[in-house]
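If you read the sequence from its start, that first residue is 1, and numbering goes on from there. The basis for the numbers below is simple: all heavy atoms, side chains too, and nothing from hydrogens, waters or symmetry mates.
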Amino acid sequence: MDSTAPEVDPVSPEGDAPSPSSGAAAAAAAPGGTADARAQASAAPLSRYEAQKRRDWNTFLQYLRNQRPPLALAGCGGAQVIEFLRYLDQFGKTKVHAPGCAFFGRPTPPAPCPCPLRQAWGSLDALIGRLRAAFEESGGKPEANPFAARAVRFYLREIRESQAKARGVRYEKKKRKRAPTSAVRDAGDTSSSAATAAAAATTTSGGSGSDAGEGSFTARPGGSSIS
């Protein structure tokens with residue numbers, strides 16, 4: 001590699017390292033010092049999404065380094081991202097029929113054909129989402145994010161439409177399931193009945209009117225869950 005070629009510093013997608021002052025504060029606040037905290041942080045396993053995001057980010061940085069001449073991350077734009085997506089097509093496993101193929105537009109072709117394999121639109125769309133997040137977690141500014149460029153969005157839209165026609169499938173956004181209205185209403189009635197019973201029991205046991213019941217509610221905060 002040419003010594004004058006720009007180099008890309010591989011930055012971890014988890015973000016910046018803690019400052020010495022914050023490390024000292026953590027060491028003073030928790031027994032065991034920062035060594036134990038770092039050991040616990042490194043021992044914590046990454047989620048499947050975080051692990052895949054790290055692999056994708058390292059793959060993209062390696063792709064930039066392998067270019068001739070190597071490309072710097074700071075000079076990467078939407079055009080370079082599109083070239084990267086086209087480069088990944090050679091590793092695709094989705095059959096995309098050409099317009100002249102006898103199975104064009106058929107979702108279940110009865111026989112094999114010589115049409116090439118490509119990356120599926122869904123895989124590319126998810127990949128861009130992970131790389132967009134990794135770029136900003138690595139210190140990149142949202143307004144300079146090449147994975148959020150308009151050209152990349154247009155390219156993904158073209159891939160979605162062309163593959164839908166070639167494969168005879170329809171791509172639709174998944175709708176988030178909502179809880180039935182009756183179930184939500186029943187849950188609210190149950191919780192209100194339990195609260196009324198608790199207030200009555202507290203008042204009967206020696207409280208002074210409504211103030212005793214209100215105090216019992218503040219001592220029992222409720223929880224919440226996120227789907």
Side-chain angles (χ1 to χ4, degrees), residues 8 10-14 45-138 140 142-178 226-227:
V8 179
V11 184
S12 174
E14 278 71 32
L46 294 175
S47 65
R48 182 178 180 182
Y49 171 79
E50 292 295 333
Q52 184 63 53
K53 182 171 60 176
R54 175 179 291 185
R55 288 193 297 268
D56 295 337
W57 182 245
N58 292 334
T59 299
F60 181 72
L61 294 181
Q62 185 63 43
Y63 168 80
L64 296 181
R65 289 192 293 266
N66 291 342
Q67 300 305 301
R68 294 294 181 268
L71 298 176
L73 182 60
C76 179
Q80 286 72 29
V81 173
I82 293 175
E83 289 299 326
F84 174 66
L85 297 180
R86 290 173 177 168
Y87 160 79
L88 294 178
D89 269 337
Q90 60 183 311
F91 309 108
K93 299 179 180 180
T94 299
K95 177 77 70 173
V96 179
H97 301 288
C101 179
F103 304 137
F104 182 83
R106 300 181 62 176
T108 55
C113 65
C115 293
L117 298 176
R118 295 285 186 262
Q119 291 284 348
W121 165 79
S123 299
L124 295 178
D125 186 61
L127 171 66
I128 289 299
R130 292 190 296 268
L131 291 176
R132 183 170 60 245
F135 177 85
E136 297 181 6
E137 291 174 1
S138 301
E143 59 271 16
N145 196 329
F147 304 100
R150 179 179 300 180
V152 176
R153 296 198 302 268
F154 286 166
Y155 178 77
L156 289 176
R157 184 183 304 173
E158 293 177 357
I159 293 296
R160 180 185 63 184
E161 294 175 355
S162 62
Q163 289 191 3
K165 294 179 181 179
R167 302 176 58 198
V169 296
R170 295 180 59 184
Y171 295 110
E172 297 180 355
K173 293 184 178 180
K174 296 182 179 179
K175 296 182 179 179
R176 182 176 299 179
K177 295 182 179 179
R178 297 182 178 180
I226 301 176
S227 60

No-hydrogen, no-angle side-chain donor-acceptor test under 3.5 Å, Gln62 and Asn58: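 The criterion, which ignores hydrogens and geometry beyond distance, is not satisfied for Asn58 and Gln62.
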
Would you say [X]'s side chain and [Y]'s backbone share a donor-acceptor pair under 3.5 angstrom?
{"X": "Glu136", "Y": "Ala133", "answer": "no"}
{"X": "Asp56", "Y": "Leu131", "answer": "no"}
{"X": "Trp57", "Y": "Phe135", "answer": "no"}
{"X": "Lys95", "Y": "Arg167", "answer": "no"}
{"X": "Glu83", "Y": "Ala79", "answer": "no"}
{"X": "Arg118", "Y": "Pro116", "answer": "no"}

Verdict with supporting geometry, Phe147 and Phe84, ring-ring contact (aromatic ring centres under 6.0 Å, His included): CA-CA 11 Å; Phe147 304 100; Phe84 174 66; 7.9 Å; no

Side chains of [X] and [Y] in contact at under 4.5 Å (non-hydrogen atoms):
{"X": "Thr94", "Y": "Leu117", "result": "no"}
{"X": "Phe60", "Y": "Cys76", "result": "yes"}
{"X": "Ile159", "Y": "Leu85", "result": "no"}
{"X": "Pro146", "Y": "Gln80", "result": "no"}
{"X": "Lys53", "Y": "Tyr49", "result": "yes"}

How long is the straight-line distance from [atom2] of [Y] back to [atom1] of [X], given to the nearest 0.5 Å?
{"X": "Leu127", "Y": "Arg132", "atom1": "CG", "atom2": "CZ", "answer": "10.5 Å"}
{"X": "Cys113", "Y": "Arg106", "atom1": "SG", "atom2": "CZ", "answer": "10.5 Å"}
{"X": "Ser123", "Y": "Lys93", "atom1": "OG", "atom2": "NZ", "answer": "10.0 Å"}
{"X": "Leu124", "Y": "Arg86", "atom1": "CG", "atom2": "CZ", "answer": "11.5 Å"}

Nearest atoms (heavy-atom pairs only) where [X] meets [Y]:
{"X": "Pro110", "Y": "Phe103", "answer": "CD-CE2, 3.6 Å"}
{"X": "Asn66", "Y": "Arg68", "answer": "O-NH1, 3.1 Å"}
{"X": "Gln119", "Y": "Asp89", "answer": "N-OD1, 3.0 Å"}
{"X": "Gly168", "Y": "Pro107", "answer": "O-CB, 3.8 Å"}
{"X": "Arg153", "Y": "Ala148", "answer": "NH1-O, 2.9 Å"}

Qualifying residue, where the test is side chain to side chain donor-acceptor pair (under 3.5 Å) with Gln52 and the options are Arg48, Arg54, Arg55: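 It is Arg55; the other options fail the test.
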
